[in-house]
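Reminder, nothing fancy here: chain letters follow the sequence lines and each chain counts from 1.
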Protein chains: 2
Amino acid sequence: MGVKQDIRVAVDAVVFGYESKNNLSVLLIKRGIEPFKGEWALPGGLVMNDESLEEAVERELKEETGITIDYLEQLYTFGKPNRDPRNRVVAVTYFVLVKPNHFTIKADTDAADVKWFNLKELPKLAFDHQLVLDTAKERLKSKLSYQPIGFDLLNDEFPFSDLEHLYMTILEKEIDRRNFRKKMLSFGIIEETDKIEKIGSGRPAKLFRFNKVKFQQLTVNNFHFDIKFV
Amino acid sequence: MGVKQDIRVAVDAVVFGYESKNNLSVLLIKRGIEPFKGEWALPGGLVMNDESLEEAVERELKEETGITIDYLEQLYTFGKPNRDPRNRVVAVTYFVLVKPNHFTIKADTDAADVKWFNLKELPKLAFDHQLVLDTAKERLKSKLSYQPIGFDLLNDEFPFSDLEHLYMTILEKEIDRRNFRKKMLSFGIIEETDKIEKIGSGRPAKLFRFNKVKFQQLTVNNFHFDIKFV
DNA sequence: CCAAAAGTGTTAGGTGTACACCCATGT
DNA sequence: ACATGGGTGTACACCTAACACTTTTGG
């Protein structure tokens, strides 16, 4: 049957965070070891023999970055020979969202440094991680329109304008505020709280909350979240 | 750094074919070796050291089934420990479509037998392949609505009713023929040929053809294939 | 002339899109 | 009173969904 298989399995994560108007970021670590020592890369590492792929991602993110995961799904598996200059490595990549609340970062163990980078100000990335990131950006962009994942990038209670700006930032287009609000509210999955947030100038904003339970009930009854713009 | 990693990487393919009204099938092979010897499983096998994942799927499908691939995309990667009773195996699975023209099967090498199974009459599957198949069915169902993949399950020239039946079979719902035809034709990506097919009873049908080039041109100009039904 | 499947139009209701002014607060 | 961002309504165009009869062929 030919030569014994000699391939490693790794997991890598693309972690997105959103802070304010036009500030969509991704979490990177500065590599402490060769290859690509000193360059920036996606958090990740080899899978251990007895853990699942998801457990591996969660472990690596905890070890390397200390963030709390709000949303996680498998992204894509990259397996071309020569992705890694040392051995052949097949990388199962994951797509992760984090709410601003959970941004807290601790740089302990094997990562020399951890940092959020605005997507508009990225450094050169190690390995084929730019390709992975581009794949994740596409996923984020397309999922935003047919799944309520935007709420995993905002705190539990948020002013409506944050949601608007989030959509405009990710989709990279202008959206009519009135139509956006109307459509979003028409789903009946967002509820008004009795709180009000005053920051900076202008009229204070009511805070809203995503009702996940309501969304799941509706989904069972054949409701489809769908919000598109020209 | 603990114990050396001991994980194998395999590829498996879910190959769909469609023949006639309500006849959506998947290609399975009867396993010639342990474990699960004599049971039915998805075609697939271990990845060789110097081939890409896609090359591995293509090689396995050629070796084991002899079909011609019309559409291929990565499906999902299954990596729980204990999927395989012998070693830990991470399986990168692929989603494949085949036109009726390309159904030709040859059972040569390591597969004891190859066979198309109607999705309504499936045997028990080896490993976690039922889960893989279910994932592929979902993918097929959802992609059908926003990508023109249905045409990769029909011959190049097809009567309109085949397309209708294909959609109804996969989506498992009744669709109004008049509205379906109107909407499908309105995209301008299907053209009439001057051929006519007479089979069985009833009025003979014009044959149509999917214009892929036209579709790609439109896609560049921000056209989105989208065909949904209540 | 009957059976079988192909082919075709209209209407009403709902949804998407475009668009502009008033409101509440801090300075 | 002014600057800043929050909050709201309407009208028209377009698309969706519901629905039934005629045409062409073979037996």
Take the C1' atoms of the five end pairs on each side of the helix from C:dC1-D:dG27 to C:dT27-D:dA1, derive the two axes, and give their angle rounded to 10 degrees.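 Axis angle across the helix from C:dC1-D:dG27 to C:dT27-D:dA1, nearest 10°: 10°.
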Nearest-Å distance for atom pair [atom1]/[atom2], residues [X] and [N]:
X: B:Ile175; N: D:dC19; atom1: CD1; atom2: C1'; result: 17 Å
X: A:Phe208; N: D:dG6; atom1: CZ; atom2: P; result: 11 Å
X: B:Glu174; N: D:dA17; atom1: CD; atom2: P; result: 15 Å
X: A:Glu164; N: D:dG6; atom1: CD; atom2: P; result: 7 Å
X: A:Phe158; N: D:dG6; atom1: CZ; atom2: P; result: 14 Å

I'd like to know if [X] and [Y] make a salt bridge, using a cut-off of under 4.0 Å between side-chain N and carboxylate O.
X: B:Arg59; Y: B:Glu63; answer: yes
X: B:Lys99; Y: B:Asp70; answer: no
X: A:Glu39; Y: A:Lys30; answer: no
X: A:Arg209; Y: A:Glu192; answer: no

5' to 3' contact window, DNA chain C with chain A (heavy-atom distance under 4.0 Å):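 For DNA chain C, the relevant span reads C:dG16 to C:dT25.
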Would you call the rings of A:Phe210 and A:Phe215 parallel, tilted or perpendicular if under 30° counts as parallel and over 60° as perpendicular?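 Correct class here is tilted.
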List the atom pairs, donor and acceptor, that lie under 3.5 Å between side-chain atoms in residues 161-169 of chain A and the rest of the protein, sequence neighbours left out.
{"residue": "A:Tyr167", "atom": "OH", "partner": "A:Leu144", "partner atom": "O", "Å": "3.1"}
{"residue": "A:Thr169", "atom": "OG1", "partner": "A:Asn22", "partner atom": "N", "Å": "3.3"}
{"residue": "A:Thr169", "atom": "OG1", "partner": "A:His165", "partner atom": "O", "Å": "2.7"}

A:Phe229 side, atom CZ; A:Lys173 side, atom NZ - distance, nearest 0.5 Å: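 One gets 9.0 Å once the value is rounded to the nearest 0.5 Å.
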Report yes if some heavy atom in the side chain of A:Asn101 is under 4.5 Å from a heavy atom in the side chain of A:Thr68; otherwise report no.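 No, too far: nothing below the 4.5 Å cut-off.
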Quick check on ring pair (Phe, Tyr, Trp, His ring centres under 6.0 Å): which of A:Phe78, A:Phe36, A:Trp40 does A:Phe127 satisfy it with?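 Testing A:Phe127 for a ring pair (Phe, Tyr, Trp, His ring centres under 6.0 Å) against A:Phe78, A:Phe36, A:Trp40 leaves exactly one candidate, A:Phe36.
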Going by distance alone, is a donor N or O of one side chain under 3.5 Å from an acceptor N or O of the other, for A:Gln130 and A:Asp134?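 A:Gln130 vs A:Asp134: donor-acceptor pair found between side chains.
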Looking only at heavy atoms, what is the nearest atom pair of B:Gly17 and B:Leu153, with distance?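 Closest pair (atom of B:Gly17, atom of B:Leu153, distance): CA-CD2, 4.0 Å.
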Any idea which heavy atoms bring B:Gly45 and B:Glu60 closest together, and the distance?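 Smallest heavy-atom distance, with atoms named: CA-OE2, 3.3 Å.
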Quick check on contacts: within residues 176-194 of chain B, what sits under 4.0 Å from DNA chain C by heavy-atom distance?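 Close to the strand are B:Arg177, B:Arg178, B:Arg181, B:Lys182.
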Listing time: all N or O pairs from protein to nucleotides 24-27 of chain D that are below 3.5 Å?
{"residue": "D:dT24", "atom": "O2", "partner": "B:Arg203", "partner atom": "N", "Å": "3.3"}

Among residues at least two apart in sequence or on other chains, which ones pass side-chain hydrogen bond (donor to acceptor under 3.5 Å, both in side chains) with A:Glu73?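 In terms of side-chain hydrogen bond (donor to acceptor under 3.5 Å, both in side chains), with neighbours along the sequence ignored, A:Glu73 is linked to A:Tyr71, A:Arg139, A:Lys143.
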